[in-house]
Trainee: 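Below is a structure I'd like to ask you about.
These values consider heavy atoms only, across backbone and side chains, with no hydrogens, waters or symmetry-generated copies.
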Amino acid sequence: IGTPSPSASAILDLQATNKGFLMPVLTTAQRKAISNPAVGLQVYDKEKGFPYFFNGTTWVAIGTYLPKDVPPAEVSSGSSDSDNGLVRSVTISNDFAASGRPDFDTAATPSIGSVDIYQRTNGRWVRVQRLLAPDTAVDADFGYAVDMDYPYLVVGAINRKVGSTELAGKGYVFRHNTGTNRFEPDGQLNAPVPEVAARFGWSVSITTNTQLTGGVAVAIGAPEQGSAGAVYVFRRSGANNYVHTDSIPGRQSGED
């Protein structure tokens with residue numbers, strides 16, 4: 001329509017300079033009520049403000065999502081045990097999300113902490129892994145803080161003993177292995193000079209691209225380090241090898 005030379009690969013070729021193609025305009029309820037929609041079927045949902053197509057399993061919006069357009073997704077630890085602990089920290093990147101449970105127990109070791117990994121598959125979030133610290137310890141609070149910049153995940157354990165220093169805190173970096181679809185240990189971090197009750201790992205951040213360090217970088221906060229707290233920056237120089245590059249001290253006593 002509108003052309004004497006339609007494309008040989010198209011069953012329908014529409015061309016115009018002052019008009020558009022208008023697909024069926026439906027409400028959300030009308031769209032969902034379509035019986036046995038064909039794979040690739042398209043309609044415009046006037047309530048959502050997006051065109052949708054059916055992928056054979058579910059309706060998928062075509063366009064950029066705004067927060068109001070994304071339905072909430074509820075996930076759980078997959079267990080009703082009371083010792084799972086409450087979720088304290090969460091992060092999301094790519095098709096993965098992580099939730100930290102610093103009070104998580106096991107039968108053998110109480111309060112070691114854990115991080116649950118969820119993966120988005122076919123529109124659903126499914127728990128695919130439970131991470132524990134490579135060096136689990138009682139009351140370490142592993143999972144107190146988490147951050148992810150796929151494929152890297154950093155986890156804080158604010159009460160982990162470092163050497164003979166109690167409650168110094170540690171950070172752990174994991175990297176996603178696409179072959180096994182598992183997050184695997186990639187490094188362990190602590191303050192250059194660990195201090196008692198410094199709470200290193202209270203806050204954590206990771207990025208895969210920074211001019212400051214030229215690649216993967218990790219920042220970890222220790223609010224009780226010294227008299228004013230501090231933030232430490234590390235650069236990844238290789239697998240299981242993170243180099244301390246900078247320290248940012250607090251400016252006044254008690255600043256945390």
Side-chain angles (χ1 to χ4, degrees), residues 1-81 84 87 89-101 114-131 143 146-153 155 174-184 186 206-209:
I1 298 176
T3 174
S5 304
S7 172
S9 64
I11 192 172
L12 176 63
D13 189 341
L14 307 176
Q15 295 189 25
T17 59
N18 61 350
K19 295 181 180 180
F21 163 70
L22 182 61
M23 66 177 65
V25 179
L26 284 67
T27 65
T28 301
Q30 289 170 335
R31 170 173 59 83
K32 293 182 177 180
I34 296 175
S35 178
N36 298 318
V39 175
L41 187 69
Q42 297 185 37
V43 301
Y44 184 86
D45 189 317
K46 63 182 180 181
E47 294 182 5
K48 297 295 186 181
F50 286 106
Y52 276 73
F53 77 94
F54 191 73
N55 67 5
T57 303
T58 187
W59 287 97
V60 179
I62 305 172
T64 304
Y65 277 111
L66 297 175
K68 67 180 181 63
D69 301 308
V70 181
E74 182 177 340
V75 297
S76 70
S77 66
S79 171
S80 60
D81 295 343
N84 267 317
V87 172
S89 54
V90 294
T91 183
I92 188 170
S93 180
N94 204 307
D95 284 330
F96 289 90
S99 62
R101 288 179 167 81
S114 72
V115 174
D116 286 338
I117 304 296
Y118 297 86
Q119 184 174 13
R120 187 176 186 272
T121 305
N122 296 325
R124 296 186 60 192
W125 289 94
V126 180
R127 194 185 74 180
V128 294
Q129 187 179 2
R130 172 164 286 167
L131 288 175
V146 295
D147 188 42
M148 184 190 306
D149 189 0
Y150 184 83
Y152 293 92
L153 168 71
V155 181
F174 298 83
R175 188 174 190 273
H176 183 244
N177 183 329
T178 56
T180 62
N181 197 34
R182 310 284 287 180
F183 280 83
E184 301 173 351
D186 191 65
I206 190 166
T207 178
T208 58
N209 185 17

Trainee: Taking only residues two or more places apart in sequence or in another chain, which ones pass side chain to side chain donor-acceptor pair (under 3.5 Å) with Ser89?
Mentor: none
Trainee: Closer than 3.5 angstrom, by distance alone: can the side chain of Arg120 be matched with the main-chain N or O of Asn94 as a donor-acceptor pair?
Mentor: no
Trainee: Calculate, to the nearest 0.5 Å, the distance between atoms CZ and OG1 belonging to Phe50 and Thr28 respectively.
Mentor: 11.5 Å
Trainee: How long is the gap from CH2 on Trp59 to CZ on Phe53, to the nearest 0.5 Å?
Mentor: 10.0 Å
Trainee: I need the Ser7 OG to Leu14 CG distance, nearest 0.5 Å.
Mentor: 11.5 Å
Trainee: Name all residues meeting the salt bridge (Lys or Arg N to Asp or Glu O under 4.0 Å) criterion together with Asp149; count only those two or more places apart in sequence or in a different chain, and write none if there are none.
Mentor: none
Trainee: To the nearest 0.5 angstrom, please state how far the CD1 atom of Ile1 sits from the CG atom of Leu12.
Mentor: 5.5 Å
Trainee: Can you pull the salt bridge (Lys or Arg N to Asp or Glu O under 4.0 Å) pairs that have at least one residue in residues 19-46, sequence neighbours excluded?
Mentor: Arg31-Asp45
Trainee: Can you name the side-chain contact (heavy atoms from CB on, under 4.5 Å) partners of Thr178, sequence neighbours left out?
Mentor: Tyr150, His176
Trainee: Determine whether a donor-acceptor pair (N or O, by modelled atom type, separation under 3.5 Å) exists between the side chain of Thr91 and the backbone of Met148.
Mentor: yes
Trainee: Gln30: which residues meet the side-chain contact (heavy atoms from CB on, under 4.5 Å) condition with it, sequence neighbours left out?
Mentor: Leu26, Thr27
Trainee: Output the distance between atom CZ (Phe96) and atom CG (Asn181), rounded to the nearest 0.5 Å.
Mentor: 4.5 Å
Trainee: Shortest non-hydrogen contact from Ala98 to Val146?
Mentor: O-CG2, 4.2 Å
Trainee: Kindly determine whether Thr58 and Val60 satisfy side chain to side chain contact (heavy atoms under 4.5 Å, CB included), including the steps that lead there.
Mentor: CA-CA 6 Å; Thr58 187; Val60 179; 4.1 Å; yes
Trainee: Is the side chain of Gln42 donor-acceptor paired with the backbone N or O of Met23 at a distance under 3.5 Å, no angle test?
Mentor: no
Trainee: Val128 vs Thr121, test: side chain to side chain contact (heavy atoms under 4.5 Å, CB included). Steps then yes/no.
Mentor: CA-CA 11 Å; Val128 294; Thr121 305; over 6 Å; no
Trainee: Can you list everything that forms a side-chain contact (heavy atoms from CB on, under 4.5 Å) with Asn177? Sequence neighbours excluded, please.
Mentor: Thr180, Glu184
Trainee: What heavy-atom pair brings Pro6 and Asp13 nearest, and what distance separates the two atoms?
Mentor: CA-OD2, 3.4 Å
Trainee: Kindly say whether Ile206 contributes a backbone atom to a donor-acceptor pair with the side chain of Asp147 at under 3.5 angstrom?
Mentor: yes
Trainee: So Phe183 and Val155, do their side chains get closer than 4.5 Å, heavy atoms only?
Mentor: no
Trainee: With rounding to the nearest 0.5 Å, note down the distance linking CZ in Arg130 to OG in Ser99.
Mentor: 8.5 Å
